[in-house]
A.B. asks: 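Could you have a look at this structure, given as structure tokens, before my questions?
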Protein chains: 2
Amino acid sequence: MSNIPETMKAMVLMRHGDMDALEYHTNWPVPEPQGAEVLIRVLACGLNNTDVNTRSGWYSKTVDAPTTGAAYDEVGGEDPSWGGAPITFPRIQGADVAGIVVAAGPDADAGMIGKRVITDNWLRDWDDPLNKDKTGYFGSECDGGFAEYTTLDYRNVAVVESPMSDAELATFSCSYSTAEGMLTRANVGPEDRVLITGASGGVGSALIQLAKRRGACVIAMASEAKHENVKTLSPNAILPRRPDNLKSALQAATGHSTVTVVADIVGGDYFPTLIDVLARGGRYTCSGAIAGPLVSLDLRTLYLRDLTFTGSTVLPPHVFPDLVGYIEAGEIRPMLAATYPLAELHAAQTAFIAKKHVGNIVVVP
Amino acid sequence: MSNIPETMKAMVLMRHGDMDALEYHTNWPVPEPQGAEVLIRVLACGLNNTDVNTRSGWYSKTVDAPTTGAAYDEVGGEDPSWGGAPITFPRIQGADVAGIVVAAGPDADAGMIGKRVITDNWLRDWDDPLNKDKTGYFGSECDGGFAEYTTLDYRNVAVVESPMSDAELATFSCSYSTAEGMLTRANVGPEDRVLITGASGGVGSALIQLAKRRGACVIAMASEAKHENVKTLSPNAILPRRPDNLKSALQAATGHSTVTVVADIVGGDYFPTLIDVLARGGRYTCSGAIAGPLVSLDLRTLYLRDLTFTGSTVLPPHVFPDLVGYIEAGEIRPMLAATYPLAELHAAQTAFIAKKHVGNIVVVP
């Protein structure tokens, strides 16, 4: 490992807190690959809501809104992260790495050295990979990619051959595997009409492309300022972020006042309206609640209409290699909103939280 | 049809309203079987929440609590029943008929005449039987069994050979097919731990028996006054109706603080507690909300734990013949709480609403 330095630049989360809990260090130790791990030189790393939610302690349920930065003082060291176990500090976040493998641990695949790769964020017990109780999140339960180097089990790393830039490749992993996981849970196919909330964000723009890839009719909801950008993803219809009369808007846009699937990452007080446009037998799938997680549900709608709701977080192992296949086949394309230097992660995350972008934001070391 | 009179005794629902909307008539016309219908001499008819909810207009969503009888004055003729279309009056309710086929329409199976039968409440378009948008409910979209005679499509009628009494046979159809439908939606199997709310009611006692029939570990929740009766159904554990600390109660009763399935017909303000004891990947299935349909849902629990919620109302056509098979094989047994004369349906329904019974209440003409 001759060309590998001993220290590196890294953005390190020191505690639950506001943006100042993320400290930039220029002489953080470079990790050494152990066992089945490979060492990756990070060339780009995408941002995700998980970074923000973990920083603020939102997953602990003592904080209701993910972006206010108001209540995380209540979050103690005992609070669980998404996975039910508290995360430990210091911690390097960042789950969407594009980079080059530069070294391999004794049990890793040394043939990956020199290859360009992207990372699967779902840490697994590889002796029991389908056990969802034995999972972790890259950048939460171990250090991630907001640094010059990172280590990861080689089975979470996929070689990818593509003409895309490093920053473009770093837009896919979390958002697109999250989106593909939702569509898998809802079993979306060519006969479906899929309503997508938050359609301008990382997961939302992934949902548009991946639902269209499955042949579904796609209706994207986004604030009107972003419609021009969303249009480049070719949804069948685009609606405002929260139409006053959603049924009428759907009728006008698609000829149907209902949809068969809602793919939601927004939640909040519009949730009952979303549920109410589901046709009999319709499916609601969710992997986020950026407008607020506490919603009002009328059980009559759930049961009298034979609805199915699915939550999607930990993904089956096939989703990530499926996604790499779509990238290599050119079936999906990146939505790179902006690139920032790693040292400016505070500014990048501030822009990410402001949600004025379309697609994803990436930092480069 | 020589022995069939021209008029009959019938309990007729004249409007949405309180109990006095149900009027007892002694000279109501006996229906004639048309097309594929058979004429059934009713020997017993079980009560259901649907009778109460349709009478009070609960399905219209302008009424929040099904049993208060307070708000149905707001329910106009435009209000939908469970199926989305307003029901028409006068209407004879009653969906759980046990009786004898005494005549057949020109397109019905005349071989059924003289046979003892029970009825499947899901009216279908038999040219398109899987289409859930083309369904009705026996006793809501057509006249049912609170009368001496009723007609029904012969494909909704099953001959049943059993040593049980007519009243016992009239306890099964709706409750047990509803329960079997829920367990089918939740895909319950031998590896599951199933928590059942409202376990002393018609659907609840059916859920206990049918979940045990599938080999699951069954935890029944019921008010303590009913535990002795619930115990006769042999659930693996019995808990109070709403334990203060459900996780601890489950741990003490089963050795696990979580369950893999919640089968709920209660809803109300205990809903978040039920959801919170679901293990990762757990399933919640619902076909009623007797304690109130408007509940609070934390989307974080739904998605971070990869949960699945299913509503169950319109059942696949195989559920009813499956159920008849279980009855004939002696795999399930009736829970007959009380029998009333048809003329005393007001008293029977008052007792039904009071929920002091275990199993189901039946009227006989």
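All heavy atoms count here, side chains included; hydrogens, waters and symmetry mates do not. Keep in mind that what you see is a predicted model, and the values were worked out from it rather than measured. Every chain is numbered from 1 and lettered A, B, ... according to where its sequence line falls, protein lines coming before strand lines.
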A.B. asks: Counting heavy-atom pairs closer than 4.5 Å to chain A, which one of B:T310, B:D306, B:T308 comes out on top?
C.D. replies: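 Most heavy-atom pairs under 4.5 Å with chain A: B:D306.
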A.B. asks: When only pairs under 4.5 Å are counted, which of A:P272, A:S287, A:G181, A:G281 shares the most heavy-atom pairs with chain B?
C.D. replies: A:S287
A.B. asks: Between atom OG1 of A:T135 and atom CZ of B:R280, what is the distance when rounded to the nearest 0.5 Å?
C.D. replies: 5.5 Å
A.B. asks: With chain A as the partner, which of B:A279, B:G267, B:G288 has the greatest number of non-hydrogen pairs under 4.5 Å?
C.D. replies: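 When all of B:A279, B:G267, B:G288 are compared, B:G288 has the most.
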A.B. asks: Rounded to the nearest 0.5 Å, what separation is found between the OG atom of B:S312 and the CG atom of A:L304?
C.D. replies: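 Atom-to-atom, B:S312:OG and A:L304:CG are 10.5 Å apart.
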A.B. asks: Please find the pair of heavy atoms, one from B:R185 and one from A:L307, that lie closest to each other, and give the distance.
C.D. replies: NH2-O, 2.8 Å
A.B. asks: Should we count CG of A:D128 as having more than 12 external heavy atoms under 6.0 Å?
C.D. replies: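 More than 12 within 6.0 Å, yes.
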A.B. asks: For the side-chain contact (heavy atoms from CB on, under 4.5 Å) test, which of B:L294, B:L302, B:V295 pairs with A:L297?
C.D. replies: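 Result for side-chain contact (heavy atoms from CB on, under 4.5 Å) with A:L297: B:V295.
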A.B. asks: Might you confirm whether atom CZ of B:R241 has over 12 heavy atoms from other residues, nucleotides or ligands at distances under 6.0 Å?
C.D. replies: no
A.B. asks: Using every non-hydrogen atom in the two residues, find where B:G292 and A:L299 come nearest and quote the distance to one decimal.
C.D. replies: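 Between these two residues, the closest heavy atoms are O-CD1, 4.5 Å.
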